[in-house]
Amino acid sequence: HACAHARSRAWLEFQTGGFPAKRDERKAVGIEEAAMGDREAEMERALYLRLIHEFGLLLTPGASMRTESPGFFRCVFSAADDTAFEVALERFAKFGASPRARR
């Protein structure tokens with residue numbers, strides 16, 4: 001296990017699910033999504049909710065971290081013990097095997 005002060009996190013990219021390749025310059029949905037356009041922010045939020053409800057994965061959407069490109073999620077795992085980490089890996093595998101994740 002990492003020490004309590006270690007920052008164990010990763011940026012995960014889920015852009016292959018239909019996010020526009022080019023940044024949409026329209027008015028943003030909200031302050032959290034200020035760095036990206038409406039459509040991109042809505043798609044990222046939909047994926048965020050799908051990850052929670054269908055797969056039990058709670059990740060931080062990139063929009064809330066002010067990323068300019070949609071589809072990036074922050075995963076923090078510093079507080080996970082070995083069992084919780086294995087459960088998370090199984091959930092990510094389930095998400096990766098889902099039909100919509102392979103587009």
Side-chain angles (χ1 to χ4, degrees):
H1 293 282
C3 109
H5 300 291
R7 304 252 191 257
S8 300
R9 63 181 176 258
W11 279 101
L12 307 175
E13 179 186 3
F14 299 125
Q15 287 192 353
T16 3
F19 286 102
K22 189 174 180 184
R23 185 172 168 212
D24 186 348
E25 297 294 338
R26 292 175 291 154
K27 184 177 176 248
V29 172
I31 190 77
E32 295 84 16
E33 296 88 7
M36 63 181 71
D38 289 352
R39 181 169 174 248
E40 296 161 324
E42 289 168 9
M43 291 174 70
E44 186 173 90
R45 178 152 174 81
L47 179 55
Y48 165 74
L49 293 173
R50 181 173 178 240
L51 290 169
I52 292 172
H53 296 296
E54 290 183 37
F55 302 99
L57 294 166
L58 179 58
L59 305 173
T60 304
S64 67
M65 303 298 291
R66 305 283 197 249
T67 59
E68 289 187 19
S69 297
F72 284 88
F73 291 82
R74 185 175 178 222
C75 178
V76 179
F77 47 90
S78 55
D81 62 18
D82 290 345
T83 303
F85 194 75
E86 288 297 322
V87 169
L89 290 177
E90 290 171 11
R91 291 176 182 182
F92 275 112
K94 182 179 172 188
F95 169 66
S98 69
R100 293 189 332 198
R102 292 181 286 188
R103 285 196 267 170

Nearest-0.5 Å distance, CG of residue Leu49 to CD of residue Glu54: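 The distance works out to 10.5 Å.
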
Euclidean distance, Thr60 OG1 relative to Phe72 CZ, rounded to 0.5 Å: 14.5 Å

pair Arg74-Val76: side-chain heavy atoms closer than 4.5 Å: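 Arg74 vs Val76: side chains touch.
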
Transitive ILVMFWY side-chain link Phe55 to Ile52, under 4.5 Å: yes

Atom of Leu58, atom of Tyr48 and distance for their closest heavy-atom approach: CD1-OH, 3.9 Å

Backbone of Gly71 reached by a side-chain donor or acceptor of Glu44 within 3.5 Å: yes

Donor-acceptor under 3.5 Å (Arg91 side chain, Leu57 main chain): no

Side chains of Ser98 and Arg50, donor plus acceptor under 3.5 Å: yes

Ring geometry between Phe14 and Phe73 (parallel below 30°, tilted from 30 to 60°, perpendicular above 60°):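 The rings of Phe73 and Phe14 sit tilted, inter-plane angle from 30° to 60°.
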
